[in-house]
Every structure is written in structure tokens, then in C-alpha cells.
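Encoded as C-alpha cells, the structure appears first; notes follow it.
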Amino acid sequence: MSQYVFDYDDQAPAMGEGDFLVAGSNAAAKAWVDRWPDWENRGLAIWGPAGSGKSHLAEIWRRRSGASLLSAADVGASLLRPWRGGHVVLENLTTGFAENGLLHLVNLVREDGGSLLLTGRAPPARWPVRLPDLASRLAALPAVDIGRPEDSLIAAVLEKQFRDRQLDVGGDVVPYLVTRMERSFSAIRDIVDALDSLSLREQRPITVPQARRALEAVC
């Protein structure tokens with residue numbers, strides 16, 4: 001049996017609201033997104049490890065609000081040309097951003113009556129911010145974390161990523177992986193990457209022996 005396998009770089013994961021998998025580790029973050037526009041100081045920070053769903057939640061809110069999407073690299077000390085006013089999603093903050101630019105953006109969003117959603121791997125209180133005005137504004141934002149995934153969420157995320165990549169996976173593969181893999185979203189990404197490559201090379205559905213090889217490759 002053979003199948004066509006799409007390269008993941010060319011196929012974006014499903015990021016609709018119905019595609020977000022709610023579990024104990026991310027329920028509080030999802031609830032905060034659902035509270036909008038009732039956010040204190042018109043902002044929210046979502047933090048957690050890579051691959052935990054921060055960008056998915058940010059995309060859900062961006063679609064609801066019509067917000068502009070920026071990255072840390074877009075926040076310079078001068079004109080914020082990608083920004084057109086209103087609501088803003090600013091992703092992947094923690095270090096390496098221009099503090100004057102971020103302070104300018106926070107002030108602009110407030111003056112415009114908009115809302116600001118920030119994502120990063122650590123809470124804003126731990127960001128190495130030197131500007132007192134920026135530190136106080138970040139400290140005033142509600143911050144919610146996405147915790148380590150439970151088994152049920154790991155299984156659901158594995159299944160979702162297999163679907164996103166249109167991979168044909170045997171019914172015993174996900175239970176096999178869940179009981180043996182590292183408990184992290186980064187491990188899910190690495191294992192699915194390895195299985196995607198195996199499936200592409202071998203042109204057949206993914207089985208437990210292939211899952212065993214993928215685990216050995218990423219450990």
C-alpha cells in the first residue's frame with residue numbers, strides 16, 4: 001500500500017477554534033481568551049513551552065478580534081509599520097525585543113482603545129526588562145500559563161498532528177507512543193517529524209515498529 005505524504009513545511013496545521021484541544025493544562029488559558037474583551041488593562045499574556053498551543057490560542061483571538069499579528073522582530077524603537085491600529089497579537093516575546101518599541105506599542109494600543117495579547121515561554125514578570133514604565137505595564141497585565149500536558153492531551157495532540165499532516169497511522173500507534181515518550185509538546189513535534197520522514201521514505205502507513213524507530217531516533 002502506498003500513500004501521498006505532504007511535507008509539513010508546505011502544510012500548515014489546522015488552527016481553527018474547533019481544532020483547539022482543551023484539557024486541564026490549557027483550560028485556564030482558553031477561558032481567558034474567551035473572556036475578551038473583559039481583560040484587565042486591555043491585555044493578556046499567555047506563556048508556556050514551545051508547541052503548547054500559545055500560537056493556536058493567539059490565532060483564535062486574532063480571528064475573533066481582527067487583530068494585527070506581529071512578532072518580536074517587528075517591535076523596533078521607531079515606527080511600527082506592520083501595525084494598522086486597534087488590537088494586536090505580539091508573539092514569541094521573552095528576550096530579544098526592543099523595550100522602547102514595546103512600550104510605544106503598549107501605549108498606542110491603549111490610546112487606540114485596542115487590546116494586546118502577548119505570548120512567550122516565560123511570564124512577563126520574568127522578562128529582563130530595564131525600562132521601569134514598561135515593567136509596570138507588563139506587570140499590570142493578567143498572565144496565564146499552559147502547563148505540562150496530561151496523557152489524554154498528548155494522545156489528542158499526536159492524533160491532531162497526524163491528521164494535519166495527512167498521515168495514515170495504525171490504531172495502536174498513539175497508545176504505544178503515549179506510554180513511552182517524553183511528556184512534552186516538543187517531544188510530540190520531534191516524534192511526528194520523525195514519523196513523517198519515515199512515512200515519506202517508505203510510502204506506507206505508520207505502524208508500531210516505525211513508532212519504535214522514531215522513539216529511538218529522538219531519544
Exercise. What distance do I154 atom CD1 and I188 atom CD1 have between them, rounded to the nearest 0.5 Å?
Worked result: 5.0 Å
Problem set entry | Q166 side chain vs R163 backbone, donor-acceptor pair below 3.5 Å | no
Exercise. Is the W61-W39 ring centre distance short of 6.0 angstrom?
Worked result: yes
Problem set entry | CG-CD1 distance between D196 and I191, expressed to the nearest 0.5 angstrom | 13.5 Å
Problem set entry | Donor-acceptor pair, side chain of N41 and main chain of A140, under 3.5 angstrom | yes
Exercise. If you round to the nearest 0.5 Å, how far is CZ of R64 from CD of E17?
Worked result: 4.0 Å
Exercise. Side-chain heavy atoms under 4.5 angstrom apart, residues restricted to Ile, Leu, Val, Met, Phe, Trp, Tyr: same cluster for V22 and W47?
Worked result: no
For this session: For the pair K30 and D34, evaluate side chain to side chain contact (heavy atoms under 4.5 Å, CB included) and give the outcome as yes or no after the intermediate values.
Result: CA-CA 6 Å; K30 177 61 163 60; D34 291 340; 3.0 Å; yes
For this session: Report yes or no: does D145 contribute a side-chain atom to a donor-acceptor pair with the main-chain N or O of G48 at less than 3.5 Å?
Result: no
Exercise. Is there side-chain contact between N26 and F20, with at least one heavy-atom pair below 4.5 Å?
Worked result: yes
For this session: Evaluate the side-chain proximity of R35 to L44: yes if any heavy-atom separation is below 4.5 Å, no if none is.
Result: no
Exercise. Do the side chains of V157 and F185 get nearer than 4.5 Å, heavy atoms only?
Worked result: yes
Exercise. To the nearest 0.5 Å, what is the distance between CG (L138) and CH2 (W127)?
Worked result: 5.5 Å
Exercise. Does E182 reach the main-chain N or O of A187 with its side chain, forming a donor-acceptor pair under 3.5 Å?
Worked result: no
Exercise. Distance-only, no hydrogens or angles: does the R148 side chain make a donor-acceptor pair with backbone N or O of R183 under 3.5 Å?
Worked result: yes
Exercise. Given side chains that start at C-beta, do those of V129 and L102 come closer than 4.5 Å, heavy atoms only?
Worked result: no
Problem set entry | Within 6.0 Å of CZ in R126, more than 12 heavy atoms from elsewhere | no
Problem set entry | Min side-chain heavy-atom separation T207-Y176 under 4.5 Å | no
Exercise. Any donor and acceptor pair, going by atom type alone, linking the side chain of S115 with main-chain N or O of G43 inside 3.5 Å?
Worked result: no
Seminar exercise, completed: Distance col, row H56:NE2 vs I146:CD1, nearest 0.5 angstrom, shows 10.5 Å
Problem set entry | NZ on K160 to CZ on R165, rounded to 0.5 Å | 10.5 Å
Exercise. Are R213 and E216 ion-paired here, with the side-chain N under 4.0 Å from a carboxylate O?
Worked result: no
Problem set entry | Donor-acceptor side-chain pairing of Q210 and S199 below 3.5 angstrom | no
Problem set entry | Donor-acceptor contact below 3.5 Å, side chain R137 vs main chain D133 | yes
Exercise. Should L158 and V169 count as side-chain neighbours, where that means a heavy-atom distance under 4.5 Å?
Worked result: no
Exercise. Side-chain contact, heavy-atom cut-off 4.5 Å: F162 with L195?
Worked result: yes
Exercise. Quick check: are there more than 12 heavy atoms from other residues, nucleotides or ligands sitting under 6.0 Å from CZ of R121?
Worked result: no
Exercise. Per the side-chain contact (heavy atoms from CB on, under 4.5 Å) rule, which among V106, L108, L116 passes with V88?
Worked result: L116
For this session: Please answer whether the main-chain N or O of A23 pairs with a side-chain N or O of E150 as donor and acceptor at a distance below 3.5 Å.
Result: no
Exercise. Is there side-chain contact between R212 and L215, with at least one heavy-atom pair below 4.5 Å?
Worked result: no
